[in-house]
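What you see is a predicted model; the values in this text were computed from it and never measured.
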Amino acid sequence: MEKSNLETQRNKKEVIIVSGSSGLIGNALIHKIASQYRVVGLDNTGYPFPPAEAECVCIDITSDKSMAFAFERIRYEYGNKIASVVHLAAYYDFLGKPSDLYDKITVKGTERLMKFLQDFEVGQFIFSSSMLIYKPSSPGVKITEESPLEPKWDYPKSKVATEKVLHEKKGKIPVVNMRMAGVYSEEGHSIPITNQVQRIYEKQVTARLYPANTAHGSTYVHLDDLVDSIIKTIEKRKELPPEIVINIGDDETLSYQELQDIISMEVNGKGSKIIHVPKWFAKFGAFMLNIIGKAFIKPWMIDLADDHFELDSSRAKKLIGWNPKHGLRNTLPKMIKKLKDDPEKFYQVNKLKK
């Protein structure tokens, strides 16, 4: 009888579907919401798996047959009502080369997901878009949800295309496009930041060279704050418009120079002067480094080094009551401490090569 009552209580919980559930954001989100919701984790077959708190429903997002099978399972076990779908699955790389996977996975995959959801009662669809779809601004000029779009490489272009698909194919399903800043945590988890940390920590020559305006920078958002924004968006789903864009980012945007100074001070106890180099020189250097080995900095990134993204997240504060509790300025010292305490683990977690 006791077991039956527990099962009844469990079945009364609303259902949340999280795609990309084994990833950084999906994993953290599931851990936070599992006690309140019944969670289904959509992900690729095999390792890595979503947290044990979620049922893992394996899918191939490029296959109608796989998607149909997955949603048959969801309907059988969870019924026809889904409170919210948090769509985190997407393709990205830093190679800078054209890839049809952006279209197959991010764009067409999302369209396929939305097609199968039309047969369910879905309270909300949250799409993880990106701040990088905006036209860059300048220091002191904040980017709002109405700011012009100007995606410059395949990853943000795929996000713009997917937002368009959702607008056209959403049917009666309410859509929230969350345009997220770059994610970080005390463990690192930000590819641009941890690579800058590595260059300074290893006293690489490239740590002192930069081909752009060091007063420019980008907004980031702490993983815990991002997860909190998703949870608040789920909770407020009945109060939100049927289609809306929400920016999610820290209150403060650090410049490249500020990042350099904070990291250098924590690593070496002193600042690190940056030497400006011409872009042609930086491109040549990046090209040579990638011939010798696999360097993070690619020649195509040099043209984007001047871009400044300063995000305005006031709409999120107003509509869902979200306020970031962390900041990159205060988190960087904790990040560097973890590096110093266990360099091997830090390198492993952030997939850094020595």
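The side-chain heavy atoms of K172 and P242, taken from C-beta on, include no pair separated by under 4.5 Å. No side-chain heavy atom of E187 sits under 4.5 Å from any side-chain heavy atom of L223. Taking 4.5 Å as the limit, some side-chain heavy atom of R329 sits within range of a side-chain heavy atom of E252. In this structure, F120 and R75 have side chains that are in contact, with non-hydrogen atoms separated by less than 4.5 Å. In this structure, the side chains of V175 and M114 come closer than 4.5 Å at one or more pairs of heavy atoms. The closest side-chain heavy-atom distance from S158 to P156 is not below 4.5 Å. Using a 4.5 Å heavy-atom threshold, the side chains of I274 and Y256 count as touching. Under the 4.5 Å side-chain criterion, counting only non-hydrogen atoms from C-beta, D93 is in contact with Y102.
No hydrogens or angles considered: nothing links the side chains of N177 and K159 as a donor-acceptor pair under 3.5 Å. Checking H31 against N27 by side-chain atom types alone, a donor-acceptor pair falls below 3.5 Å. With hydrogens and angles left out, the side-chain atoms of S255 and Q257 include no donor and acceptor closer than 3.5 Å. Remark: the T219 side chain and the D250 side chain contain no N/O donor-acceptor pair separated by less than 3.5 Å. Under the 3.5 Å distance criterion, with hydrogens and angles disregarded, a donor-acceptor pair is assigned to the side chains of E55 and Y78. No side-chain donor from either of T253 and E310 sits under 3.5 Å from a side-chain acceptor of the other.
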Q: Check the pair D64, K115 against salt bridge (charged side-chain N to carboxylate O under 4.0 Å, His left out), reporting the backbone distance first and the verdict last.
A: CA-CA 10 Å; D64 278 342; K115 180 179 74 172; 3.3 Å; yes

Q: Show your working on salt bridge (charged side-chain N to carboxylate O under 4.0 Å, His left out) between K32 and E53 and close with a plain yes or no.
A: CA-CA 10 Å; K32 285 286 188 179; E53 295 96 327; over 6 Å; no

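Between K337 and E186 there is no salt bridge, since no side-chain N of the basic residue sits under 4.0 Å from a carboxylate O of the acidic one. Under a 4.0 Å N-O distance rule, the pair E150/K157 does not qualify as a salt bridge.
Counting only distance, with no hydrogens or angles, the side chain of R112 and the backbone of I61 share a donor-acceptor pair below 3.5 Å. A distance-only check finds a donor-acceptor pair linking the side chain of D306 to the backbone of N213 [under 3.5 Å]. With hydrogens and angles disregarded, no donor-acceptor distance shorter than 3.5 Å links the side chain of S66 to the backbone of S63. Checked by atom type and distance alone, the side chain of E235 never pairs as donor or acceptor with a backbone atom of I230 at under 3.5 Å. Looking only at distances, a side-chain donor or acceptor of Q118 sits under 3.5 Å from a matching main-chain atom of K169. Remark: side-chain polar atoms of N247 are not paired, donor with acceptor, to backbone N or O of L311 under 3.5 angstrom.
Within 6.0 Å of NZ on K135 lie no more than 12 heavy atoms contributed by other residues, nucleotides or ligands. For CD of E344, the number of neighbouring non-hydrogen atoms (other residues, nucleotides, ligands) closer than 6.0 Å is 12 at most.
Between H87 and F125, a ring centre-to-centre spacing shorter than 6.0 Å is recorded. Between Y134 and F309, the ring center distance fails the sub-6.0 Å criterion.
Taking Ile, Leu, Val, Met, Phe, Trp and Tyr as members and joining any whose side-chain heavy atoms lie under 4.5 Å apart, directly or through other members, the hydrophobic cluster of Y184 also contains I193, V197, I200, Y201, Y220, L254, L259, I262, I263, V267, L328, L332, M335, I336, L339, F346, Y347, L352.
For the salt bridge (Lys or Arg N to Asp or Glu O under 4.0 Å) test, no residue two or more places apart in sequence or in another chain qualifies with E202.
To the nearest 0.5 Å, atom CZ of residue R315 and atom CD of residue E145 are 4.0 Å apart.
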